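Residue numbers start from 1 in every chain, and the chains themselves are labelled A, B, ... in the order their sequence lines are given, proteins ahead of strands. All values reported here derive from a predicted model rather than from experimental measurement.
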2 protein chains.
Amino acid sequence: MTVPPQAEIDARTKGPGRPRDPEADRAILRATIELLGEEGYEGLSIEGVAARAGVGKTTVYRRWPSKEPLVVDAIKHYKSPVDPAPPREEESTRDALVRVLSHFIRAMGPSESGRMMAGLVAEMSRNVELARAVRTGIVEHRRSFVFAILERGIELGEIRRDVDVEVVADMLAGPIVMRVLLTGGAVTPRLVRNVVDTMLDGIAFRS
Amino acid sequence: MTVPPQAEIDARTKGPGRPRDPEADRAILRATIELLGEEGYEGLSIEGVAARAGVGKTTVYRRWPSKEPLVVDAIKHYKSPVDPAPPREEESTRDALVRVLSHFIRAMGPSESGRMMAGLVAEMSRNVELARAVRTGIVEHRRSFVFAILERGIELGEIRRDVDVEVVADMLAGPIVMRVLLTGGAVTPRLVRNVVDTMLDGIAFRS
DNA sequence: GGGTTGCGATTCTTGGGCGTATCGTATACT
DNA sequence: AGTATACGATACGCCCAAGAATCGCAACCC
């Protein structure tokens, strides 16, 4: 899924005059993501974005009319550096879950999207457009990897057929999100293994 | 645990002059909580708090020097309307978990602390004092009820001894928090039962 | 009753971001 | 060459909140 920037849609690529610098688009979107993590949505200013991107305010306003469309666009273009690999043929469901969640904790690290997500949460409860962009562009994308592994596990007979994959996915990601956003607790590979094993085996005592 | 307001600590309750109106303290703290949910931490203004509380700006500044101590104090005094009842003698661990999590989804509703928590998340990643107040005053308080039930379940032999109660508590609350803060999905009693049963039984297929 | 402090309301200065306009320069099309 | 648009930089008026100061009145102590 490749989304052309609103800027490119609006920009007349034909006709006279100096063409827009595509490098400016990239620098602005990158600066927006960075500052979202550092300042949050409310604290984000167009002036700050322009300064961080090394461009003039004019260059920002020529492309985006205000903060909201800019942030929505930045989120649409945001990609984790790498997606987790699909499960290998011989890989067990447990190992695949550990692997994809380990990938997730790196992606949610403070230098990655963790701080950015925190900066967006407050505004998401007010701003429907923004919330939709985050959900479809980031949250659903990441949950889809867990869905795939769980459904494959059901096919393989390693996972019960009656489980609700959405709920299980949230139970797997929940402790990581809780720690990153709320408790500030440690997010380690050990936590991931613990979560996966607890999820597979349950907590009920069996005699 | 009762925390006297910073205002009361500072206020000279003895000596000459008109005493401070304790109703003003309560109105200010309540307005702060309300506006945190509506505007978020960044959007919260002292002027807005004074207006909502029906007091003058002077009355706020006489008690708190700035926004951060005010919000920290408001959180320290924030109490959910009611805490969940402790587990009854004959109650199963499953029923107790369903009951306490059902209580939790009400407490995290939009008219309760759900929006307030969303409004705080961004600032918590920057503001250590605020983060500590939220964690010790709200998050830990609520987790403690789940801890108690899990540890009781271990005593009763209904829960395995080797589980990590912190991780399990986050796995139980995770789907609720994820939906409230990120996905906006439905938070229903059915979800709670689903989460608890999935947690107890696990998802691994057993022949 | 005099001294002291709290009250709501209002005024004032300061600071910063918004969004527009304008500059001289750069780079494209025709 | 001529025209049109983009560029970074800057200046501008506007608005809003911070935080201090002041006012007349209220409530408490001695």
Side-chain angles (χ1 to χ4, degrees), chain A residues 5-32 34-36 38-73 119 122-123 127, chain B residues 5-32 35-36 38-72 119 122-123 127:
Chain A
Q6 192 64 34
E8 289 183 13
I9 295 175
D10 290 351
R12 355 178 352 189
T13 44
K14 289 288 293 181
R18 174 175 173 174
R20 290 187 182 170
D21 183 357
E23 184 54 40
D25 292 65
R26 283 188 287 270
I28 292 168
L29 293 173
R30 183 166 5 104
T32 302
E34 290 177 13
L35 289 172
L36 268 181
E38 297 171 26
E39 315 285 350
Y41 183 90
E42 280 274 349
L44 184 80
S45 71
I46 301 285
E47 310 222 359
V49 169
R52 173 71 60 100
V55 305
K57 284 172 61 177
T58 322
T59 304
V60 181
Y61 278 110
R62 191 175 292 117
R63 291 163 165 77
W64 292 278
S66 63
K67 180 157 69 172
E68 184 193 305
L70 168 61
V71 172
V72 168
D73 246 25
E123 191 64 16
N127 189 322
Chain B
Q6 193 64 34
E8 288 183 12
I9 295 175
D10 290 349
R12 352 180 353 188
T13 44
K14 289 289 295 181
R18 174 176 174 174
R20 291 187 183 170
D21 183 357
E23 184 53 41
D25 292 66
R26 282 188 288 270
I28 292 167
L29 293 174
R30 184 167 2 104
T32 302
L35 289 172
L36 268 182
E38 298 173 24
E39 316 284 351
Y41 183 89
E42 280 275 350
L44 185 81
S45 72
I46 302 285
E47 309 222 352
V49 169
R52 174 70 61 101
V55 305
K57 284 170 62 178
T58 322
T59 304
V60 181
Y61 278 110
R62 191 176 290 116
R63 291 163 165 77
W64 292 276
S66 63
K67 180 158 70 172
E68 184 194 306
L70 169 60
V71 172
V72 168
E123 192 63 16
N127 189 323

Show the numbers, then the answer: is there a side chain to side chain contact (heavy atoms under 4.5 Å, CB included) between B:V72 and B:W64?
-> CA-CA 10 Å; B:V72 168; B:W64 292 276; over 6 Å; no

Working for salt bridge (charged side-chain N to carboxylate O under 4.0 Å, His left out), residues A:R63 and A:D25 | CA-CA 8 Å; A:R63 291 163 165 77; A:D25 292 65; 2.9 Å; yes

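Residue A:A27 comes nearest to A:A53 through the heavy atom pair O-CB, 3.5 Å, listed as atom of the first residue, atom of the second, then distance. Of all heavy-atom pairs between A:D73 and A:L29, the closest is C-CD2, 4.1 Å.
With sequence neighbours excluded, no residue satisfies salt bridge (Lys or Arg N to Asp or Glu O under 4.0 Å) with A:R18. Applying the salt bridge (Lys or Arg N to Asp or Glu O under 4.0 Å) rule to A:E68 yields no partners; only residues at least two apart in sequence or on another chain are considered. A:E34 is linked by a side chain to side chain contact (heavy atoms under 4.5 Å, CB included) to A:R30, A:E38, A:R52, counting only residues two or more places apart in sequence or in another chain.
Atom CD of A:E42 is separated from atom C1' of C:dG17 by 12 Å (rounded to the nearest Å). In this structure, the CH2 atom of A:W64 is 15 Å from the P atom of C:dG19, given to the nearest Å. When the P atom of C:dC18 is taken as reference, atom CD of A:E68 falls 14 Å away, rounded to whole Å. In this structure, B:R20 atom CZ and C:dC7 atom P are separated by 7 Å, rounded to whole Å. Atom CZ of A:R62 and atom P of C:dT20 are 13 Å apart (whole Å). Regarding B:L44, its CG atom lies at a distance of 17 Å from the P atom of D:dC16, rounded to whole Å. The distance from atom CG of A:D25 to atom P of D:dA6 is 11 Å, rounded to the nearest whole Å. Atom-to-atom, CG of B:D21 to C1' of C:dC7 comes out at 9 Å; the value is rounded to the nearest Å.
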Please list, one pair per line, the donor and acceptor atoms closer than 3.5 Å that link side chains of residues 41-49 of chain A to other protein atoms, with sequence neighbours excluded.
residue: A:S45; atom: OG; partner: A:G48; partner atom: N; Å: 2.9
residue: A:E47; atom: OE2; partner: A:K57; partner atom: NZ; Å: 3.1

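Of the side-chain N and O atoms in A:R63, one or more sit less than 4.0 angstrom from OP1 or OP2 of D:dC7.
Contact of A:K57 with C:dG19 (side chain to base): a donor-acceptor pair of N or O atoms is detected under 3.5 Å.
Here C:dG17 is the nucleotide among D:dC7, C:dC7, C:dG17 with the atom lying nearest to any side-chain atom of A:S45.
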If the sugar-phosphate is the primed atoms plus P, OP1 and OP2 and the base is the rest, what is the B/S/- string for nucleotides 22-30 of chain C, using protein heavy atoms under 4.0 Å?
-> ----BBBS-

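Remark: B:G54, B:V55, B:G56 in residues 46-56 of chain B come within less than 4.0 Å of DNA chain C through at least one heavy atom.
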